Amino acid sequence: MEVFRTGQYDISDLERLQEIQPLEYAKRTVLKRLNYLLGYIMKEKPEILNSFVTRLTNQFNQFLKTSFSKEQNVDFAELSKDFIHLKVFPELLSACFDYYLQLLDFSSNRSWIQEKIKIPNRNYIQSFLYHRYYNVQTLTEIIERNTSIDLFKGYIDAYVKSLSSERSKYEILEEFRNARIPKDDDSPSIGWVIVQGVIEDGKFPQRKDTCMWKDAIINLTDVELKYLAACYGDFQGYNNNNKNFILTMEHTIVEGYPYCDCVLHDIRINKDLIHPSKEFFDNMWSLKEHQ
């Protein structure tokens with residue numbers, strides 16, 4: 001076992017084209033998450049639900065330059081049929097969907113219901129991360145900031161956990177790490193250059209040296225809320241791979257640090273969750289030269 005590096009990234013990769021089907025992608029990402037958030041607020045803090053919906057709807061409408069959904073004669077009854085909470089608030093659904101299309105830099109001249117479109121990675125990333133950011137920002141405008149952040153963290157934990165199956169995806173850390181070893185015919189992963197460390201004492205360190213998401217949302221100003229939108233879900237996401245895998249991460253590129261310091265712990269082997277020092281992460285790649 002040795003240290004190795006995966007991925008590649010240049011700022012120009014933000015202009016690489018990504019192919020999506022806008023309607024289906026909106027359902028799977030933006031609308032599904034917002035629907036879950038509305039249900040979570042209804043359960044945990046129902047007294048703020050109407051204020052949240054009104055303020056978020058107004059926020060999206062302030063951003064909009066046109067209504068793509070009206071131009072395309074969107075059937076919102078059909079669009080919302082799988083979203084039991086969101087369909088109760090048709091104005092929010094319409095504003096959310098139009099803002100999503102605007103972030104894609106979508107042209108109303110296209111028949112997007114039938115077609116796939118190609119858009120730059122920048123717009124692709126913004127189309128979902130901007131929504132997450134404004135969801136939590138709206139909460140901070142309604143209730144005390146720390147309370148709103150705790151509420152949003154609880155929602156992210158619950159939502160990401162809801163995506164997991166009961167069966168572990170990886171049984172041990174070695175299996176998880178081996179899945180990251182590039183095959184000879186693999187195309188490089190674009191956007192994240194990651195130094196993959198050596199597993200020792202039930203700990204698998206990874207140093208993420210680049211983050212395309214961070215560069216895509218650089219115009220958003222609140223660093224703490226950007227972290228919640230882009231990074232916080234990783235904690236539950238790694239745990240979804242195996243209930244015994246726990247992530248520690250003390251610094252992220254989104255927060256202004258030079259790298260993300262990630263360690264995946266297998267608590268069956270070691271329960272201490274002690275995070276390595278900055279010196280360890282600074283020297284991760286140089287350790288390769290001494291192996």
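Not measured: the values here are computed from a predicted model.
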Within this structure, what is the [atom1]-[atom2] distance for the pair [X] and [Y], rounded to the nearest 0.5 Å?
| X | Y | atom1 | atom2 | result |
| --- | --- | --- | --- | --- |
| Tyr259 | Trp285 | OH | CH2 | 15.5 Å |
| Gln59 | Cys96 | CD | SG | 12.5 Å |
| Thr210 | Met212 | OG1 | CE | 8.5 Å |
| Phe89 | Ser94 | CZ | OG | 15.0 Å |
| Tyr155 | Leu139 | OH | CG | 10.0 Å |
| Thr147 | Ile142 | OG1 | CD1 | 12.5 Å |

Do you know which two heavy atoms are closest between [X] and [Y], and how far apart they sit?
| X | Y | result |
| --- | --- | --- |
| Asn61 | Ala95 | OD1-CB, 3.5 Å |
| Met249 | Cys260 | SD-CB, 4.4 Å |
| Ala216 | Leu14 | CB-CD2, 3.9 Å |
| Val193 | Gln8 | CG2-CA, 3.7 Å |
| Leu228 | Ile156 | O-CD1, 3.4 Å |
| Ala229 | Arg132 | O-NH1, 3.1 Å |

Checking [X] side chain against [Y] main chain: does a donor-acceptor pair fall under 3.5 Å?
| X | Y | result |
| --- | --- | --- |
| Gln236 | Ala158 | no |
| Thr138 | Tyr134 | yes |
| Asn242 | Tyr170 | yes |
| Thr54 | Ser51 | no |
| Arg16 | Ser12 | no |
| Asn270 | Gly202 | no |
| Asp266 | Phe245 | no |
| Thr252 | Glu255 | yes |
| Ser80 | Phe83 | no |
| Ser127 | Leu104 | no |

How about [X] and [Y]: do any of their side-chain heavy atoms sit closer than 4.5 Å?
| X | Y | result |
| --- | --- | --- |
| Cys231 | Trp213 | no |
| Ser189 | Thr6 | no |
| Leu38 | Val88 | no |
| Phe4 | Arg177 | yes |
| Leu151 | Tyr40 | yes |
| His131 | Leu103 | yes |
| Glu224 | Ile149 | yes |

Co-membership, hydrophobic cluster, residues [X] and [Y], 4.5 Å side-chain:
| X | Y | answer |
| --- | --- | --- |
| Phe176 | Ile172 | no |
| Leu220 | Leu64 | yes |
| Ile269 | Leu247 | no |
| Leu49 | Ile84 | no |
| Val223 | Tyr133 | no |

**Item:** Other cluster members, Ile253 - Ile/Leu/Val/Met/Phe/Trp/Tyr, side-chain contacts below 4.5 Å
**Value:** none
**Complete:** For Leu273, the hydrophobic cluster (side chain heavy atoms closer than 4.5 Å, chained through members) also holds Ile246, Ile267
Charged N to carboxylate O under 4.0 angstrom, [X] versus [Y]?
| X | Y | answer |
| --- | --- | --- |
| Asp157 | Lys161 | no |
| Glu78 | Lys81 | yes |
| Lys203 | Asp201 | no |

Under the side chain to side chain donor-acceptor pair (under 3.5 Å) test, which residues partner [X], sequence neighbours left out?
| X | value |
| --- | --- |
| Thr248 | His265, His275 |
| Gln62 | none |
| Asp234 | none |
| Asn178 | none |

**Message:** List the residues meeting salt bridge (Lys or Arg N to Asp or Glu O under 4.0 Å) with Arg207, not counting sequence neighbours, and say none if there are none.
**Reply:** Asp209
**Prompt:** For Asp75, which residues count as a salt bridge (Lys or Arg N to Asp or Glu O under 4.0 Å) partner, sequence neighbours excluded?
**Reply:**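 Testing Asp75 for salt bridge (Lys or Arg N to Asp or Glu O under 4.0 Å), a comparison that skips the adjacent residues, returns none.
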**Request:** Quick one: which residue pairs count as a ring-ring contact (aromatic ring centres under 6.0 Å, His included) with a foot in residues 5-32, not counting sequence neighbours?
**Result:**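 Found Tyr25-Tyr124.
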**Message:** Regarding Asp98 and Gln102, do their side chains bring together a donor and an acceptor under 3.5 Å, going by distance alone?
**Reply:** no
**Message:** What verdict does the side-chain hydrogen bond (donor to acceptor under 3.5 Å, both in side chains) test give for Asn121 and Gln18, after you've listed the backbone C-alpha separation in whole Å, the side-chain angles of each residue and the deciding distance to 0.1 Å?
**Reply:** CA-CA 6 Å; Asn121 276 323; Gln18 174 86 235; 3.2 Å; yes
**Asked** Does Lys32 NZ have over 12 foreign heavy atoms under 6.0 Å away?
**Response** no
**Request:** Could you tell me how the ring of Tyr99 sits relative to the ring of Phe60: parallel (under 30°), tilted (30 to 60°) or perpendicular (over 60°)?
**Result:**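 The arrangement is parallel - the two ring planes meet at less than 30°.
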**Item:** Pairs meeting criterion side-chain hydrogen bond (donor to acceptor under 3.5 Å, both in side chains) with involvement of residues 82-91, two or more places apart
**Value:** none
**Request:** Quick one: which residue pairs count as a salt bridge (Lys or Arg N to Asp or Glu O under 4.0 Å) with a foot in residues 38-48, not counting sequence neighbours?
**Result:** Lys45-Glu47
**Request:** State which residues pass ring-ring contact (aromatic ring centres under 6.0 Å, His included) with Tyr159; sequence neighbours excluded, sorted by chain then number.
**Result:** Tyr36
